[in-house]
Every structure is written in C-alpha cells, then in structure tokens.
Amino acid sequence: MKYKVGDLVELSAAGWKNKHNPDFSRSGFGVIVHYHVYDKYPIHIKWFTDKGKVLCFSAKQYEIKKLKPTK
C-alpha cells in the first residue's frame with residue numbers, strides 16, 4: 001500500500017484534471033483518515049481548503065500524491 005492513514009496528500013495532475021474534484025483547490029491539502037481496499041474509491045480523505053473549509057471525499061490512488069514539505 002502506497003499510502004497509510006495520517007499521510008498528508010494533495011491532488012495529483014490527474015486528480016486535478018478530473019471534473020468530479022472541482023471543490024478541492026490546488027492550494028489545499030488532505031489527511032488520509034481511512035483506507036478500504038475493496039471500495040471503488042478506497043482512500044478516504046479529510047480535505048482542508050485554503051479558505052478554511054473542511055471537506056471529506058474519497059479518491060483513487062492516482063488522484064492524489066504525497067504532500068512535499070516546502071523549503
């Protein structure tokens with residue numbers, strides 16, 4: 001498994017291009033809260049937007065990537 005509960009993630013290029021992710025900004029980030037291997041969208045994420053909004057959504061592995069720390 002590439003991701004584990006507690007990992008910080010952001011949308012990948014593929015996730016950004018998907019039209020079903022319009023509420024999730026490029027400047028936001030998420031925390032993986034649950035992982036169900038057999039679900040259609042197995043990774044459950046709590047998403048924090050740049051405007052202070054908190055959203056929850058599910059994604060496939062290719063739609064997200066690990067958040068890299070800024071230097």
Side-chain angles (χ1 to χ4, degrees):
M1 179 167 54
K2 184 176 181 179
Y3 300 103
K4 60 184 182 213
V5 173
D7 281 350
L8 294 176
V9 295
E10 60 185 346
L11 287 177
S12 67
W16 180 246
K17 289 177 187 175
N18 283 345
K19 299 301 179 195
H20 68 269
N21 293 329
D23 295 334
F24 308 102
S25 66
R26 289 288 260 175
S27 58
F29 68 95
V31 177
I32 296 177
V33 294
H34 202 63
Y35 190 89
H36 275 290
V37 176
Y38 299 109
D39 283 356
K40 184 175 180 180
Y41 297 96
I43 303 169
H44 301 271
I45 302 166
K46 186 173 276 193
W47 193 265
F48 302 90
T49 68
D50 55 348
K51 294 179 172 75
K53 225 171 150 181
V54 179
L55 307 166
C56 292
F57 81 107
S58 298
K60 291 187 177 183
Q61 190 169 336
Y62 74 89
E63 295 179 292
I64 58 174
K65 63 181 181 178
K66 288 190 178 181
L67 184 67
K68 294 181 183 173
T70 57
K71 293 183 179 183

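Side chains are part of it too, since the values below use all heavy atoms of this structure and drop only hydrogens, waters and symmetry mates. We count residues from 1, following the sequence as given.
The two atoms that bring Lys60 and Glu63 nearest to each other are N-OE1, 2.7 Å, heavy atoms only. Annotation for Pro42 and Val37: closest pair CB-O, 4.3 Å, computed over non-hydrogen atoms.
Atom OG in Ser58 sits 9.5 Å away from atom CD1 in Ile43 (nearest 0.5 Å).
Residue Leu67 is grouped with residue Val54 when hydrophobic side chains (ILVMFWY) are merged at heavy-atom distances under 4.5 angstrom, including chains of intermediate members. Val5 and Tyr38 are assigned to two separate hydrophobic clusters, defined by single-linkage of ILVMFWY side chains at heavy-atom distances under 4.5 Å.
Looking only at distances, a side-chain donor or acceptor of Ser12 sits under 3.5 Å from a matching main-chain atom of Tyr62. At least one donor-acceptor pair closer than 3.5 Å links the side chain of Tyr3 to the backbone N or O of Ile64.
With sequence neighbours left out, the side chain to side chain contact (heavy atoms under 4.5 Å, CB included) criterion links Val33 to His44, Lys46. Asp7 pairs by the salt bridge (Lys or Arg N to Asp or Glu O under 4.0 Å) definition with Lys66, not counting sequence neighbours.
Taking 4.5 Å as the limit, some side-chain heavy atom of Leu11 sits within range of a side-chain heavy atom of Trp47.
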